[in-house]
Amino acid sequence: MKKKNREIIEILERTYPDAKCELDHGTPFQLLVATVLSAQTTDKKVNEVTKVLFEKYGTLVDFLEITQDELEEHIRVIGLYKSKAKNLMGLFSMLQDEFGGEVPKTMEELTRLPGVGRKTANVVMSNCFDIPAIAVDTHVFRVSNRLGLAKEKTPEKTEEALMKSLDRKVWTKAHHMLIFHGRRLCHARKPQCSECPLKLHCDYYKENGGISAS
DNA sequence: ATCCCGAGGG
DNA sequence: CCCTCTGGAT
């Protein structure tokens with residue numbers, strides 16, 4: 001790992017020592033469901049929904065008995081609930097029919113599941129099975145570009161570049177820290193550069209002197 | 001208005 | 001690559 005990257009990781013570790021997955025989850029199956037639900041909404045809201053949902057339906061077997069209408073009723077307060085409910089219904093049956101009722105552990109298998117893309121697959125692999133992975137969401141994408149960890153034009157290329165430029169053992173942690181940084185300081189619109197401990201390592205800061213775009 | 005730890009389809 | 005899908009918070 002390059003010296004600059006190592007310094008960035010060290011600063012992130014000091015700044016966000018508690019960076020972690022904030023979705024509540026017990027079993028891998030439950031985190032998979034929670035992660036599918038989390039797209040374009042907040043973890044807080046998903047946690048409120050899953051707390052009630054998993055109390056009534058805790059396992060795949062329970063969900064195989066549910067109807068799409070019942071599921072929609074539970075997740076109605078979350079955005080995109082129709083497509084999420086539809087995807088989850090397909091996900092349940094595919095888990096049962098093609099994966100023996102178990103959550104698969106590979107990118108190829110996970111992304112076959114309806115509603116599961118690279119981001120969700122990486123979250124499941126790293127958080128459920130301790131497989132080093134970098135899930136690139138909008139935060140990781142933006143922050144990586146600004147810091148120069150991975151200057152890429154698509155999330156998939158950013159994922160590849162980060163895996164090359166960072167030690168495997170910090171992948172999962174780096175993923176969480178970059179998300180925390182994106183949410184706390186390195187906002188899309190108005191990044192708080194003046195408060196940022198990484199500004200001296202940041203290409204974005206160098207280019208505009210830390211003046212937030214209006 | 002803009003954003004939320006996206007995914008699928010065109 | 002770009003658009004849409006959704007509702008709630010700020």
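These figures come from a predicted structure and were not determined experimentally. A note on names: the letters A, B, ... follow the listed sequences, proteins ahead of strands, and every chain is numbered from 1.
Residue A:L80 contributes atom CG, which lies 12 Å from atom P of B:dA7 at whole-angstrom precision. Taking atom CZ of residue A:R142 and atom P of nucleotide B:dG6, one finds them 10 Å apart after rounding to whole Å. In this structure, A:K82 atom NZ and C:dT4 atom C1' are separated by 15 Å, rounded to whole Å. Distance A:I78 CD1 to B:dC3 P: 21 Å, rounded to the nearest Å. Note: NZ (A:K190) to P (B:dA1) measures 15 Å, nearest angstrom. Taking atom CD of A:Q40 as the reference point, atom P of C:dG8 lies 15 Å away to the nearest angstrom. In this structure, A:L32 places its CG atom 11 Å from P of B:dA7, rounding to the nearest Å. Distance, A:L88 CG to B:dG8 P: 11 Å, rounded to whole Å.
With contacts defined as side-chain heavy-atom distances shorter than 4.5 Å, the pair A:R118/A:V136 does not qualify. Using a 4.5 Å heavy-atom cutoff, the side chains of A:E102 and A:F29 are not in contact. Counting heavy atoms from C-beta outward, A:L88 and A:F63 have side chains that stay 4.5 Å or more apart. Using a 4.5 Å heavy-atom threshold, the side chains of A:V103 and A:F129 count as touching. Two residues are said to be in side-chain contact when any heavy atoms from C-beta on lie closer than 4.5 Å; A:K56 and A:V52 fail this criterion.
Looking at heavy-atom distances under 4.0 Å, A:K84 makes no contact with the nucleic acid at all. At the heavy-atom level, A:L113 lies under 4.0 Å from the strands shown only through sugar-phosphate atoms. Nucleic acid contact class of A:K20 (heavy atoms, under 4.0 Å, all strands): base. Contact annotation for A:V116: backbone-only contact, meaning every heavy-atom pair under 4.0 Å involves sugar-phosphate atoms and none involves a base. Among the atoms of the strands shown, only primed sugar atoms or phosphate atoms (P, OP1, OP2) are found under 4.0 Å from some heavy atom of A:P114.
Listed pair A:H139 / B:dC3 fails the phosphate criterion, with no side-chain N or O lying under 4.0 Å from OP1 or OP2. At the phosphate of B:dG6, OP1 or OP2 sits under 4.0 Å from a side-chain N or O atom of A:T138. When the side-chain nitrogen and oxygen atoms of A:R183 are compared with OP1 and OP2 of B:dC5, one or more of them lie within a distance under 4.0 Å. The shortest distance between the side-chain N/O atoms of A:T120 and the OP1/OP2 oxygens of B:dA7 is below 4.0 Å.
Here the side chain of A:R189 is nearest to one of B:dC3, C:dG7, B:dA7, namely B:dC3. If you check B:dC4, B:dG6, C:dC1 against the side chain of A:T154, the one that comes closest is C:dC1. Considering only the side chain of A:K45, C:dG8 comes nearest among B:dC3, C:dG8, B:dG6. Of the candidates B:dC3, B:dC5, C:dT6, the closest approach to any side-chain atom of A:A188 belongs to B:dC3.
Comparing the same atom, P, in B:dC3 and in C:dC3 gives a spacing of 15 Å after rounding to whole Å. Separation of the C1' atoms belonging to B:dG8 and C:dG8 is 23 Å when rounded to the nearest angstrom. The gap from the P atom of B:dG10 to that of C:dT6 amounts to 15 Å, rounded to the nearest Å. Across C:dT4 and B:dT2, the matching P atoms stand 16 Å from one another, rounded to whole Å.
Formation of a donor-acceptor pair under 3.5 Å by the A:K157 side chain with backbone atoms of A:A150 is not found in this model. Remark: the backbone N or O of A:N145 is paired with a side-chain donor or acceptor of A:K151 at under 3.5 angstrom.
Taking the nucleotide of DNA chain B with the nearest heavy atom to each of A:G182 and A:T111, the more 5' of the two is matched to A:G182. If A:N87 and A:I179 are placed on DNA chain B by their nearest nucleotide, the residue sitting closer to the 5' end is A:I179.
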